[in-house]
Asks: 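Quick one: the structure is below, questions incoming.
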Amino acid sequence: MASFIEQIVDAVVTALNSTEFSQEFTAVKEFLPVSEVKDLINLKVSVVPALTENTRANRKNTFMSQHTINIGVAQKISQDSDIAILLTLSEEINDHLRALALVVDSTDVICETTRFETLYSAELLREKRVFLSVITANFLAYR
């Protein structure tokens, strides 16, 4: 059986893939999201487990679990106008995540916060013509 955070990642992948965005993509779960530039000709959206933190919520052994997931949006671009298109997509994904409420293993899980860990990597754009945006989403569950 998959770990709880892996089940959250799977649910996020399903939620992204069942939503219509301005650009078509198929989100995938990845544990090692490293890609060669040649692999980024097509748009790539990666969902990666990053961190789990548990805090005792009460004396009855209920814990507040925070699960951090990174969502990467990456593609090799051919023209500068592609930057705005991919940035818009990244913002759409961020907006969708902010409103996301899931049920995972019979537990309610909500997206508590999102932030752009990397709005876009200027270095990758300059050096390799690769757009990369990383959204960090924190999901909260009481277990």
Side-chain angles (χ1 to χ4, degrees), residues 1-58 62-143:
M1 178 154 177
S3 68
F4 192 70
I5 191 168
E6 189 176 352
Q7 292 177 62
I8 295 172
V9 168
D10 290 338
V12 170
V13 167
T14 299
L16 291 175
N17 288 338
S18 63
T19 302
E20 193 170 311
F21 293 98
S22 61
Q23 302 296 309
E24 281 190 36
F25 64 86
T26 300
V28 295
K29 171 176 63 178
E30 291 196 276
F31 294 102
L32 297 171
V34 178
S35 295
E36 298 292 323
V37 173
K38 64 180 173 55
D39 299 329
L40 295 174
I41 300 302
N42 296 314
L43 177 60
K44 184 174 184 181
V45 176
S46 303
V47 184
V48 182
L51 175 71
T52 294
E53 181 178 352
N54 296 299
T55 305
R56 187 178 299 276
N58 61 38
T62 299
F63 285 85
M64 178 181 69
S65 298
Q66 291 189 330
H67 305 276
T68 303
I69 294 171
N70 292 326
I71 298 88
V73 177
Q75 186 173 25
K76 181 161 177 49
I77 63 167
S78 57
Q79 52 194 4
D80 287 347
S81 60
D82 293 341
I83 297 168
I85 292 167
L86 293 169
L87 190 54
T88 297
L89 174 63
S90 298
E91 289 176 343
E92 290 171 2
I93 291 170
N94 181 67
D95 291 345
H96 183 67
L97 291 169
R98 282 190 328 212
L100 202 55
L102 307 165
V103 176
V104 175
D105 196 25
S106 302
T107 302
D108 291 329
V109 178
I110 61 164
C111 184
E112 182 181 38
T113 61
T114 62
R115 73 177 179 278
F116 279 94
E117 200 66 39
T118 304
L119 188 55
Y120 64 90
S121 171
E123 180 181 339
L124 278 175
L125 277 171
R126 265 193 309 275
E127 293 176 8
K128 297 187 178 186
R129 300 294 293 162
V130 169
F131 176 91
L132 173 65
S133 181
V134 179
I135 303 159
T136 297
N138 293 302
F139 288 87
L140 180 64
Y142 286 90
R143 305 179 353 136

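On a predicted model such as this, the values are computed, not experimentally measured, just so you know. Quick note: residue numbers are just sequence positions, from 1.
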Asks: Is a side-chain donor or acceptor of D39 paired with a backbone partner of S35 at a separation under 3.5 angstrom?
Replies: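 No, because the side chain of D39 does not come within donor-acceptor range (under 3.5 Å) of the backbone of S35.
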Asks: With sequence neighbours excluded, tell me which residues meet side chain to side chain donor-acceptor pair (under 3.5 Å) with Q23.
Replies: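 If we apply the side chain to side chain donor-acceptor pair (under 3.5 Å) test to Q23, skipping adjacent residues, there are no hits.
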Asks: Less than 4.5 Å apart, any side-chain heavy atom of D95 and any of L97?
Replies: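 No; the side chains remain at least 4.5 Å from each other.
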Asks: With a 4.5 Å limit on heavy-atom distance, are the side chains of I77 and I83 in contact?
Replies: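 They are in side-chain contact.
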Asks: Check step by step if side chain to side chain contact (heavy atoms under 4.5 Å, CB included) holds for T52 and F139.
Replies: CA-CA 9 Å; T52 294; F139 288 87; over 6 Å; no
Asks: Ignoring hydrogens and angles, state whether a donor on the side chain of T26 or N17 is under 3.5 Å from an acceptor on the partner side chain.
Replies: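 Looking only at side-chain atoms, N17 and T26 do not form any donor-acceptor pair under 3.5 Å.
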Asks: Could you check whether any side-chain N or O of T118 sits under 3.5 Å from a backbone N or O of S133, counting only pairs where one atom can act as donor and the other as acceptor?
Replies: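 Absent.
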Asks: Any side-chain heavy-atom pair from L140 and M64 closer than 4.5 angstrom?
Replies: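 Yes - at least one pair of side-chain heavy atoms lies under 4.5 Å apart.
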Asks: Tell me, please, which residues at least two apart from K76 pass side chain to side chain donor-acceptor pair (under 3.5 Å).
Replies: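 Expected list: none.
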Asks: Within a strict 4.5 Å, meaning less than it, do heavy atoms of the Y142 and S65 side chains meet?
Replies: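 No, their side chains stay 4.5 Å or more apart.
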Asks: Tell me if a side-chain donor or acceptor on E117 pairs with a main-chain N or O of N70 at a distance below 3.5 Å.
Replies: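 Absent.
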Asks: Residues in side chain to side chain donor-acceptor pair (under 3.5 Å) with T107, at least two apart?
Replies: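 Partners of T107 under the side chain to side chain donor-acceptor pair (under 3.5 Å) test: none.
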Asks: Assign the ring pair F131 / Y120 to parallel, tilted or perpendicular, where the plane angle (0 to 90°) is split at 30° and 60°.
Replies: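 Correct class here is parallel.
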Asks: Side chains of S22 and E92: donor-acceptor distance under 3.5 Å anywhere?
Replies: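 Side chains of S22 and E92: pair found under 3.5 Å.
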